[in-house]
Amino acid sequence: MANSSGEVQEGQTVVVQEEEAHPYAFHVSGPRNVASPNWRDLINSSWKNENHKRTVFSCFIQAVYLLETDRQENRTEENALAPNWWRSFKYKLTQTLIDERDGSIFGAVLEWDRAAALADMVLIRPSGAPKAVLALRGTLLKGPTILRDIEDDLRFLAWESLKGSVRFKVALEALRSVAEMYGSRNVCVAGHSLGAGFALQVGKALAKEGMYVEAHLFNPPSVSMPMSLRNIGERAGFAWNRFKSMLPSSSETEATSEEGETANTVGLSSWIPLSGYKTSTGLKNWVPNLYVNNSDYICCSYTDPDVTENKQADKENAGPGNGQVAAKLFVMSKGKQKFLEAHGLEQWWSDDVQLQQALHNSKLISRQLKSLYTFPASQPTQRTPQ
């Protein structure tokens, strides 16, 4: 009996040690210099620091990747990898976002865990800490979910929009729900890669409704790459048409842009904002935070300047160039890196991260947020004589 009991105990110890050594365990690959909230945050909140926010939000997105990985690998509550990526910051999981097409987890709502905070003598939520965060993962190249992830990747390449995806509807409903519950100023949305594309579009959709949530977008996708890569977009549009023909029919027979116009599946030369536009009365700026790496060809074009005086630019896409900033752009400044490293999420919580905040006009950002900073067509405006 004693020997048998001892063997079981030894086997359990081995399992625990294997879990503790897992490369995605929070204490193995998570941030090193970010402490859990404590009583000092009542005096000087860490959440007022942009580096702290960037670190925590990127960890929350990593948690969503691991929620799906835990699901695929049948991990239990006792050995799941995801929870420590939010528990360490005194947050709790209140909702998982499920893709009805394959049952995969692509997002999660995390809320401030008051009970856990009180246990560590954190009596109130630190200033700047959101009450709720919607975190959205990107493409996960694993068998059970890769098909639907790639389907949405192709959707974006072909249509420059993710509104036709079931994930857009689910994410928008989740974000609107917590924004109405807690107030938009107490809610954030964050995403990486494809998830950043969804985060941008659901955040923009709420901004059009007058609900401004803080947005943090890591390696956001852009098919507006250098002109030498334009043919990739054209081939992707053709591939998407072939791919869509093999899918079950849906009500989306034609892609439409966010302004309701038919999308161009060939040019693929526009995407997201930074230069300002004249806003309608009472409309304030929605200012998303974009984190890009110039060695990542998926998002590097966000640093292309917006040359408004370009004669080839049509009047619709050309902004007045008044210097008003509609987004914060943070650029990794490590120099040349390999693509997988440059596109990875881990870089955004690493200790040696080096960022430059770029406040220059970005052509992609200007075009994407243009509709938020122009008068609606149906609203009469007074123009000064030319």
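Quick caveat, the model's predicted, so the values are computed rather than measured. Below, each value reflects all heavy atoms present in this structure, side chains not excepted, and no hydrogens, waters or symmetry copies.
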Which pair of non-hydrogen atoms, one from Trp112 and one from Lys90, has the smallest distance, and what is that distance? CE3-O, 3.4 Å
Should Met211 and Leu134 be counted in the same cluster of Ile, Leu, Val, Met, Phe, Trp and Tyr side chains packed under 4.5 Å apart? yes
Aromatic ring proximity, centroids under 6.0 angstrom, His343 and His192: yes
Could you give me the CA-CA distance, side-chain angles and deciding distance for Asn79 and Thr76, then say whether side-chain hydrogen bond (donor to acceptor under 3.5 Å, both in side chains) is met? CA-CA 6 Å; Asn79 63 6; Thr76 65; 3.2 Å; yes
To the nearest 0.5 Å, atom CD of Glu209 lies from atom NZ of Lys204 at 13.0 Å
Is the shortest distance from a Lys or Arg side-chain nitrogen in Arg167 or Asp149 to a carboxylate oxygen in the other one below 4.0 Å? yes
Evaluate the criterion side-chain hydrogen bond (donor to acceptor under 3.5 Å, both in side chains) for residue pair Thr69 and Arg137; output intermediate values, then yes/no. CA-CA 11 Å; Thr69 301; Arg137 69 167 174 84; over 6 Å; no
Would you say that Tyr24 contacts Gln62 through its side chain, given a criterion of any heavy-atom pair below 4.5 Å between the two side chains? yes
Specify whether Phe57 and His216 have parallel, tilted or perpendicular ring planes, treating 30° as the upper limit for parallel and 60° as the lower limit for perpendicular. tilted
If we ignore hydrogens and angles and just use 3.5 Å, is the side chain of Thr94 paired with the main-chain N or O of Val109 as donor and acceptor? yes
Taking the side chain as every heavy atom from C-beta outward, state whether Val287 and Lys328 have any atom pair closer than 4.5 Å. yes
Beyond-backbone contact of Leu206 with Leu172, side-chain heavy atoms, under 4.5 angstrom: yes
Heavy-atom side-chain proximity of Tyr302 to Leu217 below 4.5 angstrom: no
Step by step, would you call Leu110 with Leu93 a side-chain contact (heavy atoms from CB on, under 4.5 Å)? CA-CA 5 Å; Leu110 304 171; Leu93 177 67; 3.8 Å; yes
Rounded to the nearest 0.5 Å, how far does CG of Asn219 lie from CG of Leu345? 7.5 Å
Criterion side-chain contact (heavy atoms from CB on, under 4.5 Å) on Val178 and Gln95, from CA distance to verdict: CA-CA 11 Å; Val178 291; Gln95 180 184 356; 5.5 Å; no
Is there a donor-acceptor pair closer than 3.5 Å between any side-chain N or O of Asn289 and the backbone N or O of Ala215? yes
Should Trp86 and Asp113 be marked as a side-chain hydrogen bond (donor to acceptor under 3.5 Å, both in side chains) after you check the CA-CA gap, both sets of side-chain angles, and the distance that decides it? CA-CA 10 Å; Trp86 63 72; Asp113 191 343; over 6 Å; no
Please check if the distance between the ring centroids of Phe26 and Trp85 is under 6.0 Å. yes
I'd like to know if the side chain of Ser177 reaches the main chain of Ala174, judged simply by a donor and an acceptor atom lying under 3.5 Å from each other, with no hydrogens or angles considered. no
Inspect the contact between Glu68 and Arg71 and indicate whether a charged nitrogen and a carboxylate oxygen are less than 4.0 angstrom apart. yes
